[in-house]
Amino acid sequence: MCFIFSSCRGATHTIHTIGDVITLVIFTFADGYKCFTGKRHLSEESRLMCFFFLKLKTKSFLGVVLLFFKMFRRVSSLCDCFLDRVIMMGNHRDAWVFGGSDPSSGTASLMEIARVLGEQLSKGWRPRRTVKFASWDCEEYGLIGSTEFVKQHAPSLSGKMVAYLNVDSGVFGNFTFFASTSPILNNVLFQAASMVDSPLVKGKTVAQVWAERSPQQKLTTTLGSSSDYAAFIQWLGISSIQIGYHADESRVHVFFPVYHSIHDTFNWVQKFIDGNFTINQALARVWLSTALLLSDSTVLPLNTKTYAQNLDSVAISFKKEYGPLLEQNHVNLDFLDSAVANFSSSADQFMKRVLQTNTSDPMAVRRVNDKLTFLDRVFINPYGLPNRPFMRHQLFAPGVYNTYAGTTFPGVEDALLSNPVNWAVVKEQFSRLVIVIQQAADYLLELY
């Protein structure tokens, strides 16, 4: 497991809460560096090594404190053969002012999950895959902590991470659950939400109320760059989730009335949003259930068919909005239709192979799981979008004029929104889009 903290005090508290088997090393860098080491008992069954890394730059605290909580144990069965694969749960700790909801409601959930898993760890439980926790600093100043972490550790993260699960302002409303996701994670998130009782309607699950109250029955939205998931999905193509509870958008025309203000306090959350903190508890349960489904399932509960359905829906909306304009300028949409159809066919065939996987064969399981894990990586263009080199996912990206919101087919849409429109760029980006969708279709059918 990996924790990333913005203060030694908070990290030290977590160490003592989690308990019994750690080695603690604290590094601080200023004009020089200092090292403090403290050891506690290391049992044979669960040897955990922890590192704190505090980076200071000039007079401002720009860094992140990293606490790596890595589990080592003997690889002797199928249960043990996935420990190099990682699920990360993250939330930022910094706030503009008091941060009662943003980010402390999410931070409370993260710390409680860490406590619960630490308790289970001490009783002998072990996940099939490594679970890491991240408490980011400097999110409010431009996602600095998470972005620099991703850049620094890109090769390792790209090769090992299954998913990144983010909560920012966990509870800033009490109407319904919401989620922005990579499409391949839709099913596992809905499954997790179906396992948790709703704090809003007695006798129903979170998933049921979510489905009933979501606008136009649309359960998930496209990831933009509103929080620390951005570098994971946009830079490396690591499938990601952002979840929380929000207000009724039909009545409240601003999604978070006290956002980034002096009024976002603990008292505001308790008095107006979540008096008994049952919503926060439900959020933590959905978050943890999602992580456990991903970490403990032999075959990852990811679904390429939901990705295909999402892609088909996106293509229909795209053609409805831009189709006539593209056709007037001699862009043949039949190529897009063909690529999307091929991807849908490949996704369906691949899921049939998943159902036939011999779960007693570690290598067969590994092949299927890696295909599922790395699907979003296929859509990464190493050169990025035109004029936006950090945004490298060719299906989903933050909007040009609203980076909080996500947009689809961003290379083509960016080119169409430029003034004047450069049709050479539009056609180039359209070609890249068609090619990468076809590559993803071929990727799912490849055997290795």
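We're numbering straight along the sequence, starting at 1.
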Which of parallel (below 30°), tilted (30 to 60°) and perpendicular (above 60°) describes Phe172 and Phe256? parallel
Student check: side-chain heavy atoms of Phe409 and Leu395 closer than 4.5 Å: yes
Kindly compute the distance separating CG (Leu143) from CG (Asp228), expressed to the nearest 0.5 Å. 5.5 Å
Full working for salt bridge (charged side-chain N to carboxylate O under 4.0 Å, His left out) between Asp84 and Arg366: CA-CA 11 Å; Asp84 63 326; Arg366 183 77 163 196; 2.5 Å; yes
Classify the side-chain pair Ser180/Thr221 by whether it contains a donor and acceptor separated by less than 3.5 Å. yes
Exam field: side chain Asn166 to backbone Ser240, donor-acceptor pair closer than 3.5 Å: no
Passes side-chain contact (heavy atoms from CB on, under 4.5 Å), Ser146 versus Glu139? Steps please. CA-CA 7 Å; Ser146 55; Glu139 189 268 357; 5.8 Å; no
With side chain to side chain contact (heavy atoms under 4.5 Å, CB included) as the test, pick out the partner of Ser182 among Ile238, Ile233, Thr306, Leu189. Ile233
Taking the ring of Phe350 and the ring of Tyr443, is the distance between their centroids below 6.0 Å? no
Can you spot which of Val86, Val150, Thr373 makes a side chain to side chain contact (heavy atoms under 4.5 Å, CB included) with Met161? Val86
Test your reading of the model: is there a side-chain donor-acceptor pair from Arg392 to the backbone of Tyr383, 3.5 Å cut-off? no
Classify the angle between the aromatic ring planes of Phe177 and Tyr245 as parallel (below 30°), tilted (30 to 60°) or perpendicular (above 60°). perpendicular
Closest contact, heavy atoms only, Met351 versus Leu302: CE-O, 3.7 Å
Could you give the distance from CG (Asn91) to OG (Ser135), rounded to the nearest 0.5 Å? 6.0 Å
dist Leu219:CG -> Thr181:OG1 (nearest 0.5 Å) comes out at 9.5 Å
Electrostatic pair Asp370-Arg85, nearest N-O below 4.0 angstrom: yes
So, is the end of the Arg213 side chain (NZ or CZ) under 6.0 Å from the ring centre of Phe175 and within 45° of the ring's axis? yes
Could you tell me whether the side chain of Gln120 and the main chain of Arg126 form a donor-acceptor pair under 3.5 Å? no
Scan the side chains in residues 97-105 for donor-acceptor partners under 3.5 Å anywhere in the protein, sequence neighbours excluded, and list what turns up.
from, atom 1, to, atom 2, distance (Å)
Ser101, OG, Val171, O, 2.8
Asp102, OD1, His92, NE2, 3.1
Asp102, OD1, Ser169, OG, 3.4
Asp102, OD2, His260, NE2, 3.4
Ser104, OG, Gly99, O, 2.7
Ser105, OG, Ser101, O, 2.8
Ser105, OG, Gly170, N, 2.9
Ser105, OG, Val171, N, 3.0

Evaluate the side-chain proximity of Ser226 to Gln242: yes if any heavy-atom separation is below 4.5 Å, no if none is. yes
Please name all residues satisfying side chain to side chain contact (heavy atoms under 4.5 Å, CB included) with Gln281, sequence neighbours left out, ordered by chain then number. Arg285
Is the shortest distance from a Lys or Arg side-chain nitrogen in Asp137 or Arg93 to a carboxylate oxygen in the other one below 4.0 Å? no
Less than 4.5 Å apart, any side-chain heavy atom of Val400 and any of Arg388? yes
Determine, stepwise, if the pair Leu336 / Phe430 fulfils side-chain contact (heavy atoms from CB on, under 4.5 Å). CA-CA 8 Å; Leu336 177 62; Phe430 183 81; 3.8 Å; yes
Shortest non-hydrogen separation from Val425 to Ala415 and the atoms involved: CG1-CB, 3.9 Å
Are more than 12 heavy atoms from other residues, nucleotides or ligands located less than 6.0 Å from atom CG of Asn422? yes
Min side-chain heavy-atom separation Phe379-Leu433 under 4.5 Å: no
Using atom types as modelled and distance alone, determine if a side-chain donor or acceptor of Thr290 lies under 3.5 Å from a backbone N or O of Val286. yes
Using distance only, find each side-chain donor-acceptor pair of residues 269-278 under 3.5 Å and give its atom names and separation, not counting sequence neighbours.
from, atom 1, to, atom 2, distance (Å)
Asp274, OD1, Phe277, N, 3.2
Asp274, OD1, Thr278, N, 3.1
Asp274, OD1, Ile279, N, 3.1
Asp274, OD2, Ile279, N, 3.4
Asp274, OD2, Asn280, N, 2.9

Restricting to non-hydrogen atoms, name the atom on Gln429 and the atom on Pro386 that form the minimum distance, rounded to 0.1 Å. NE2-CG, 3.3 Å
Do the ring planes of Trp210 and Phe190 sit parallel (below 30°), tilted (30 to 60°) or perpendicular (above 60°)? tilted
Minimal heavy-atom distance between Pro127 and Leu83, with the atoms involved, is O-CD2, 3.7 Å
Sidechain-backbone polar pair: Glu148 side chain, Gly145 backbone, donor-acceptor under 3.5 Å: no
Note, Met391 side chain near Pro410 side chain (heavy atom, < 4.5 Å): no
Does a side-chain heavy-atom distance below 4.5 Å link Phe390 with Thr147? yes
I'd like to know if the side chain of Asp376 pairs up with that of Ser239 as donor and acceptor (distance under 3.5 Å, no hydrogens or angles considered). yes
Heavy atoms, side chains only, cut-off 4.5 Å: are Asn303 and Ile184 in contact? no
Spacing of Tyr164 atom OH and Met88 atom CE [to the nearest 0.5 Å]: 7.5 Å
Starting at OG1 of Thr107, measure out to CD of Glu112 and round the result to the nearest 0.5 Å. 13.5 Å
Side-chain donor or acceptor of Ser122 paired with backbone N/O of Glu119 under 3.5 Å: yes
If I compare all heavy atoms of Tyr307 with all of Pro183, which pair ends up nearest, and what's the gap? CA-CB, 3.7 Å
Taking the cut-offs as 6.0 angstrom to the six-membered ring centre and 45 degrees off its axis, would you call Arg128 and Phe82 a cation-pi pair? no
Could you walk me through whether Leu110 and Met89 pass the side-chain contact (heavy atoms from CB on, under 4.5 Å) check? CA-CA 8 Å; Leu110 184 73; Met89 307 173 72; 4.2 Å; yes
Gly106 versus Val167, closest heavy-atom pair with distance: CA-CG1, 3.7 Å
Carefully, step by step, assess Phe396 and His393 under the rule side-chain contact (heavy atoms from CB on, under 4.5 Å). CA-CA 6 Å; Phe396 313 110; His393 203 294; 3.7 Å; yes
May I ask you to decide whether Asp312 forms a salt bridge with Lys305, counting only side-chain N to carboxylate O separations under 4.0 Å? no
Enter the distance from Leu200:CG to Thr176:OG1 here, rounded to the nearest 0.5 Å. 7.5 Å
With a 4.5 Å limit on heavy-atom distance, are the side chains of Asp197 and Val206 in contact? no
